[in-house]
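Take a look at the structure set out below.
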Number of protein chains: 2
Amino acid sequence: MRGIAPPHIVIIEDEPVTRATLTSYLDSNGYRVTGAASAPRAEEILARDPADLLLIDVNLEGKDGLQITREQRALSEIGIILISGRTDDVDRIVGLEMGADDYVCKPFNRRELLARIKNILRRTTALRHLRRTVFRFEGFTFDVNKRQLTRSDGEPVRLTRAEYEVLAQLLRHPAEVQSREKLVACVTHRQDSPEPRTVDVLVRRLRKKLEDDPGAPQIITTSHGEGYIFTGRLQ
Amino acid sequence: MRGIAPPHIVIIEDEPVTRATLTSYLDSNGYRVTGAASAPRAEEILARDPADLLLIDVNLEGKDGLQITREQRALSEIGIILISGRTDDVDRIVGLEMGADDYVCKPFNRRELLARIKNILRRTTALRHLRRTVFRFEGFTFDVNKRQLTRSDGEPVRLTRAEYEVLAQLLRHPAEVQSREKLVACVTHRQDSPEPRTVDVLVRRLRKKLEDDPGAPQIITTSHGEGYIFTGRLQ
DNA sequence: TCCATTATGTTAAAATTTGTTAACAAGCGG
DNA sequence: CCGCTTGTTAACAAATTTTAACATAATGGA
């Protein structure tokens, strides 16, 4: 178990053997993989459990890979890799122009596919941060759902609810200034929001728990006149 | 019409004909293209004029394409496509694992390359930090995302937010005069922008932290009557 | 319920950052 | 060399953040 939520990959492939092979290979490389035999089945899965990347066979029965690509691309910036049995230039170009991030032809090298997947996921991390529930940074693991912060030596760090909210908001928008107003809004869900200055105190308390030297913070940085920023190394 | 400056693509290819062909093709497709015959030449160009995407021939004399890929990927999330005359699986995998977004083999279809370029640019422009985020100069390393300046001996140099903004703006436009008005605009978060003279003070404070002899500045130079310029040796 | 404990919010003094000013130095054209 | 303009520097004022101390609210157990 890795402690952080692995990216979710959905494979849309009607050929059972290829699907199973790919699934187990990617699974053994630490991804969470879901197989789908058809477009409708994939749509069900995506509705319940959004994916970070789609691996789509071009030649599917019914709604084909290109159509899925066009539809999904219209919906989101999800990563898409098309897989095809044909090596025709025109097919490839059409797929890429449809918005697929990549197009690989069978037979393909699994390690190459893995490298391509990694590169695309690196590009889509900004999107993933919003949905992410587990963050690893600077010797800590933060689980948003469990509301738990753990040091890498396994020692749990107790955070109050308000501290959790602030840290979660900062982590979901790394290297981006979060204003006090935005952060208070996260902390309180009440009508009468507290003084924005309250955030200063919460940040101070967080720094005491996170930073080596709270006087010279590295992880939560102040942007004078603007707010606070997460500047730790994420993941 | 897009109304924004076209993406900048730098081609690193020592074969003049290929370079010229690619340059004119991409140019005619609306990109701003700069050709470089070697890695050192490319680095000069990138220092003056940051690119959105690199097209790199793998088999260059001197520093080869893989090395350039590794170095550039350490500096930024710039898009990188490798071009190779060989179709060897292992070469391709190594390139992709080095962080190249794509790897195309000659002879390639120009329209396919164009589609791939478009897809990568879509990804990189979606990311905020599409451009360079780490600058090395004159014994310092400046990480824009972490908002940290470090001396080469590892000693951190504390910058205030305003100093950080000024340095970032100067570094993003090296060897180019930045007017006080432009620099104030970077610094201020208020409605009423401060006196342009404020920049002088900020520059002075930066020089104190950066220059060997702040009285005879080498890194941030004054352009009399115009503004300030970054004149340090980048990277 | 009441009490003890913890969490949240407020405030004010101290410290830091930012902005202004003015005296002085340096650059530039005649 | 003079006089004007522009840049440098230091000192200071204003704004903002940090820090600590404390008040109030919420929570959980007896």
Side-chain angles (χ1 to χ4, degrees), chain A residues 147-149 156-170 177-181 183-211 213-229 231, chain B residues 147 149 156-170 177-211 213-229 231:
Chain A
R147 311 208 138 209
Q148 270 174 15
L149 180 68
V157 181
R158 295 191 50 163
L159 290 188
T160 69
R161 187 197 58 84
E163 287 162 4
Y164 272 117
E165 307 275 16
V166 170
L167 183 56
Q169 174 70 13
L170 289 170
V177 179
Q178 299 297 304
S179 68
R180 286 183 177 68
E181 288 68 28
L183 291 169
V184 195
C186 295
V187 168
T188 188
H189 306 299
R190 309 181 316 195
Q191 296 290 319
D192 55 326
S193 56
E195 292 286 312
R197 288 287 139 201
T198 299
V199 174
D200 300 27
V201 183
L202 288 170
V203 166
R204 178 178 149 65
R205 288 168 185 163
L206 267 173
R207 280 174 176 165
K208 254 186 187 163
K209 296 178 181 180
L210 296 178
E211 304 272 0
D213 176 6
Q218 306 282 304
I219 298 174
I220 301 178
T221 305
T222 306
S223 183
H224 195 105
E226 301 184 315
Y228 295 95
I229 316 169
T231 51
Chain B
R147 305 195 160 217
L149 180 68
V157 181
R158 294 189 59 161
L159 291 188
T160 69
R161 186 195 58 83
E163 287 162 3
Y164 156 85
E165 307 273 19
V166 169
L167 183 57
Q169 175 70 15
L170 289 171
V177 180
Q178 299 298 304
S179 68
R180 286 182 177 70
E181 288 69 28
K182 208 171 238 175
L183 291 169
V184 186
C186 295
V187 166
T188 196
H189 41 82
R190 311 188 314 191
Q191 298 287 318
D192 53 330
S193 59
E195 294 287 312
R197 288 284 140 202
T198 298
V199 173
D200 300 26
V201 181
L202 288 171
V203 166
R204 176 177 150 66
R205 288 168 185 164
L206 265 174
R207 281 174 175 166
K208 251 186 187 165
K209 295 179 180 180
L210 295 177
E211 304 273 0
D213 176 8
Q218 303 287 307
I219 298 174
I220 301 178
T221 309
T222 306
S223 178
H224 195 98
E226 300 187 307
Y228 295 95
I229 319 170
T231 49

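What you see is a predicted model; the values in this text were computed from it and never measured. As a basis for the values below, the full set of heavy atoms in this structure was taken, side chains included, without hydrogen atoms, waters or symmetry mates. Chain identifiers are assigned alphabetically (A, B, ...) following the order of the sequence lines, protein sequences preceding nucleic acid strands; residue numbering begins at 1 within each chain.
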Rounded distance (Å) that lies between atom [atom2] of [N] and atom [atom1] of [X]:
{"X": "A/Lys208", "N": "D/dA21", "atom1": "NZ", "atom2": "C1'", "value": "11 Å"}
{"X": "A/Glu181", "N": "D/dT16", "atom1": "CD", "atom2": "P", "value": "12 Å"}
{"X": "A/Leu206", "N": "C/dA7", "atom1": "CG", "atom2": "C1'", "value": "13 Å"}
{"X": "A/Leu202", "N": "D/dT17", "atom1": "CG", "atom2": "P", "value": "15 Å"}
{"X": "B/Arg205", "N": "C/dT16", "atom1": "CZ", "atom2": "C1'", "value": "11 Å"}
{"X": "B/Glu195", "N": "D/dA13", "atom1": "CD", "atom2": "P", "value": "18 Å"}
{"X": "A/Asp213", "N": "D/dT18", "atom1": "CG", "atom2": "P", "value": "13 Å"}
{"X": "B/Ile229", "N": "D/dG7", "atom1": "CD1", "atom2": "P", "value": "12 Å"}

With a 4.0 Å limit, can you tell me whether [X] has a side-chain N or O closer than that to the phosphate oxygens OP1/OP2 of [N]?
{"X": "A/Arg204", "N": "D/dT19", "value": "yes"}
{"X": "A/Thr160", "N": "C/dT8", "value": "yes"}
{"X": "B/Tyr228", "N": "D/dT6", "value": "no"}

Note to self: Quick check for you: among C/dT8, D/dT18, C/dT18, whose closest atom lies nearest to any side-chain atom of A/Arg197?
What the structure shows: D/dT18

Next item on the list: Please tell me which of the listed nucleotides, C/dT18, C/dT11, D/dT8, lies nearest to the side chain of B/Thr222?
Entry: D/dT8

Heavy-atom pair of closest approach, residues [X] and [Y]:
{"X": "B/Glu211", "Y": "B/Ile219", "answer": "OE2-N, 2.7 Å"}
{"X": "B/Leu202", "Y": "B/Ala162", "answer": "CD2-CB, 3.7 Å"}
{"X": "B/Arg158", "Y": "A/Gly215", "answer": "NH1-O, 3.8 Å"}

For a 4.5 angstrom cut-off between non-hydrogen side-chain atoms, does [X] reach [Y]?
{"X": "A/Val184", "Y": "A/Thr188", "answer": "yes"}
{"X": "B/Leu206", "Y": "B/Leu159", "answer": "yes"}
{"X": "A/Ile220", "Y": "A/Val166", "answer": "no"}

What nucleic acid atoms does [X] come within less than 4.0 Å of, heavy atoms only: base, sugar-phosphate, or nothing?
{"X": "A/Arg180", "result": "sugar-phosphate"}
{"X": "B/Tyr164", "result": "nothing"}
{"X": "A/Arg158", "result": "sugar-phosphate"}

Notebook entry, point to check: Is it true that B/Glu163 and B/Lys209 make a salt bridge, defined as a side-chain N closer than 4.0 Å to a carboxylate O?
Noted result: yes

Note to self: Nearest heavy atom decides the nucleotide; on that basis, is A/Val201 or A/Gly227 closer to the 5' end of DNA chain D?
What the structure shows: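 Closer to the 5' end of DNA chain D: A/Gly227.
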
Next item on the list: Select from B/Asp200 and A/Arg207 the residue whose nearest nucleotide in DNA chain D is closer to the 5' end of that strand.
Entry: B/Asp200

Next item on the list: Compute the bend angle of the helix from C/dT1-D/dA30 to C/dG30-D/dC1 from the end axes (five pairs per end), rounded to 10°.
Entry: 30°

Check: Side chain of A/Arg161, base of C/dG9: donor and acceptor closer than 3.5 Å?
Finding: no

Check: Among A/Gln178, A/Gln169, A/Arg180, whose side chain to side chain donor-acceptor pair (under 3.5 Å) with A/Tyr228 holds?
Finding: A/Arg180

